[in-house]
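Small disclaimer: the values here were computed from a predicted structure and weren't measured. These numbers come from the heavy atoms of this one structure, side chains and all, not from hydrogens, waters or symmetry mates.
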Amino acid sequence: MLFTGADPFDLEPYFTEIREVRGPVSDDIDARVWLLTGRTTGWHEIRQQIRTLDVA
């Protein structure tokens with residue numbers, strides 16, 4: 001899976017490897033890209049555990 005953002009480590013329990021494939025764009029833009037491999041559980045369980053988007 002590709003993850004874009006500063007910190008993918010909330011996903012660490014669900015993957016065996018997390019590797020940064022692109023660093024920050026600039027000092028102002030921290031849009032790193034991470035490659036997460038070796039998924040250890042199904043997407044349904046992962047989504048339930050990490051779901052944080054609240055729409056008001």
> Who are the side chain to side chain donor-acceptor pair (under 3.5 Å) partners of Glu45, not counting sequence neighbours?
Replying inline: Thr41

> Listed by chain and number, what are the side chain to side chain donor-acceptor pair (under 3.5 Å) partners of Glu17, not counting sequence neighbours?
Replying inline: none

> Can you check whether Arg32 reaches Asp7 side chain to side chain, under 4.5 Å on heavy atoms?
Replying inline: no

> So, do Tyr14 and Gln49 sit near enough that their side-chain heavy atoms are less than 4.5 Å apart?
Replying inline: yes

> Do Leu35 and Val33 share a hydrophobic cluster, counting only Ile, Leu, Val, Met, Phe, Trp and Tyr and linking them when any side-chain heavy atoms are less than 4.5 Å apart?
Replying inline: yes

>> Is there a continuous path of hydrophobic side-chain contacts, each under 4.5 Å between heavy atoms, that joins Ile46 to Phe9?
In response: yes

> If you look at every heavy atom in Thr40 and Phe15, which pair is closest and at what distance?
Replying inline: OG1-N, 4.1 Å

>> For a quick test of reading the model, state the closest non-hydrogen atom pair linking Asp10 to Ile50 and the distance between them.
In response: O-CG2, 4.2 Å

>> With side-chain contact (heavy atoms from CB on, under 4.5 Å) as the test, pick out the partner of Leu36 among Arg19, Glu12, Met1.
In response: Met1

> Quick one: does Trp34's side chain have a donor or acceptor within less than 3.5 Å of a partner on Val21's backbone?
Replying inline: no

